[in-house]
Visitor: 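Have a look at this one before I ask anything.
Positions are given from 1 along the sequence. Atoms within a ligand are numbered from 1 in the order they appear, just like the ligands themselves. Nothing here was measured: the structure is a model prediction, and the numbers come from that model.
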Amino acid sequence: MNPFGVGMAHGKVIWFGEHAVVYHHPAIALPLTEHRIHIKMDPSSKTELISPFFNGPLEGSQGFEGFIALLERLREILPFQDATITLRSDIPVGAGLGASAAIASAIVQAAFDLTDHPLDAGTHFDLIQLSEGYFHTNPSGIDAYLSIHDEALRYRKDQSPESIQIDLDAHLVIAHSNVSGSTKDAVEQIARMMKEKKSSKKMADLGHITLNALEAIQAKELKKLGQLMNDAHGLLKRFNVSHPVLDDLVDQALSHGALGAKLSGGGLGGIMIALFEGKSGALAFQEHLHQSGYPHVFIKALAA
Ligand code: PMV
């Protein structure tokens with residue numbers, strides 16, 4: 001047993017294929033290695049969380065069911081009981097940037113570090129998925145996988161993910177709408193549509209967009225990638241997982257020279273991503289958004 005345990009995990013951004021990935025269609029996701037969750041776990045007489053968004057005992061607190069279940073499981077497999085969990089984050093929560101998976105990922109690492117037990121990637125993934133089940137209902141595993149791997153991925157549920165090479169003279173602007181999205185609500189809403197309204201054709205169309213995007217990435221066809229992002233946003237809107245602020249951000253991006261834009265992640269709030277050729281347009285749009293009251297705007301280079 002060590003005096004304390006530490007863990008760290010990064011966020012992710014889904015470029016193409018959110019929601020469709022839950023239905024076994026492919027998705028493309030990118031790690032956000034500079035945006036991280038840090039966890040320190042100190043043995044204590046009760047389990048409580050100290051964080052920018054919540055301070056207090058976890059047990060009985062709403063919204064943390066996934067982490068509570070994860071800690072219960074960790075207590076079953078590791079020799080520890082209670083701990084003070086101190087969390088530092090550079091990932092906005094409820095944004096579609098994979099914060100819940102990154103928090104679970106870092107908690108698992110910290111518990112294994114505290115108890116001095118080796119952690120293999122399969123166990124790590126399964127434990128994150130246990131927690132994600134409470135936040136996503138039916139998680140594809142894309143967030144869990146990305147929180148422990150740091151390369152761009154083509155991801156398909158229940159298949160081995162493939163790393164992809166992205167070498168484009170382009171940048172994504174990732175802008176938080178300031179509206180917190182609920183991935184669980186969005187996933188459940190789409191599940192109802194899939195059952196009631198026979199929406200599987202629309203879902204397959206989302207899957208095809210991702211396959212076309214993979215070809216466009218290889219062929220370095222930026223205009224096509226932009227168009228595919230617009231098409232994906234249109235389909236996600238038809239699944240009712242967009243939000244007026246996200247739609248407005250998409251319009252603003254296009255009028256500021258983006259080649260394409262879409263919501264990313266669960267939706268109903270959270271982030272919008274926009275593709276810009278080169279870097280200067282992305283920087284100018286970031287500045288415009290900062291001045292318009294959007295503090296969380298990041299830029300991701302689309303080259304190794
Ligand atoms: O909102 P996020 O960052 O948790 O992304 C969810 C991605 C979904 O495809 C909507 C759900 C999933 O489990 O893949």
Side-chain angles (χ1 to χ4, degrees), residues 9-32 35-37 63-67 89-105 125-126 128-149 153-159 161 172 174-194 199 202-207 209-210 213 232-233 235-243 246 262-273 296 298 300:
H10 54 259
K12 63 97 222 322
V13 62
I14 297 179
W15 191 358
F16 287 97
E18 53 277 278
H19 289 294
V21 70
V22 174
Y23 297 89
H24 297 267
H25 295 292
I28 302 171
L30 314 170
L32 285 181
H35 297 277
R36 297 185 183 138
I37 298 284
F64 297 105
E65 292 78 5
F67 305 139
S89 170
D90 347 289
I91 310 177
V93 175
L97 291 169
S100 62
I103 293 172
S105 178
F125 177 84
D126 291 345
I128 303 166
Q129 278 291 81
L130 182 155
S131 173
E132 286 289 275
Y134 289 81
F135 297 115
H136 288 198
T137 308
N138 179 17
S140 64
I142 193 166
D143 289 13
Y145 196 87
L146 249 292
S147 77
I148 46 182
H149 293 88
L153 288 182
R154 170 201 166 119
Y155 187 93
R156 220 169 178 150
K157 196 173 179 179
D158 300 331
Q159 288 186 15
L172 281 183
I174 302 167
H176 188 7
S177 60
N178 296 335
V179 178
S180 187
S182 164
T183 301
K184 187 175 164 56
D185 290 351
V187 167
E188 288 177 357
Q189 179 180 307
I190 289 192
R192 282 193 296 276
M193 287 177 84
M194 290 291 280
S199 301
K202 265 199 308 252
M203 203 48 102
D205 289 347
L206 267 179
I209 287 177
T210 305
H233 187 70
L235 280 168
L236 290 163
K237 259 176 97 164
R238 289 175 55 203
F239 276 110
N240 296 331
V241 291
S242 191
H243 184 283
L246 288 170
K262 64 185 275 291
L263 70 85
S264 167
L268 300 176
I271 50 165
M272 182 273 329
I273 58 174
H296 301 294
F298 315 120
K300 167 94 187 150

Visitor: Can you confirm if the aromatic rings of Phe298 and His35 lie within a centre distance of less than 6.0 Å?
Guide: yes

Visitor: Just how far is it from atom OG1 of Thr137 to atom CD of Gln189, taken to the nearest 0.5 Å?
Guide: 12.0 Å

Visitor: To the nearest 0.5 angstrom, please state how far the CG atom of Leu30 sits from the CD1 atom of Ile174.
Guide: 7.5 Å

Visitor: Listing request: all side chain to side chain donor-acceptor pair (under 3.5 Å) pairs with a residue in residues 263-273, at least two apart in sequence or in separate chains.
Guide: none

Visitor: Any salt bridge (charged side-chain N to carboxylate O under 4.0 Å, His left out) pairs touching residues 9-30, not counting sequence neighbours?
Guide: Lys12-Asp143, Glu18-Lys262

Visitor: Sequence neighbours left out, what pairs pass salt bridge (charged side-chain N to carboxylate O under 4.0 Å, His left out) with at least one residue falling in residues 263-272?
Guide: none

Visitor: Return the protein residues near ligand 1 (heavy atom under 4.0 Å from any of its atoms), ordered by chain and residue number.
Guide: Lys12, Ile14, Glu18, His19, Val21, Val22, Gly96, Leu97, Gly98, His136, Pro139, Ser140, Ile142, Asp143, Thr183, Gly265, Gly266

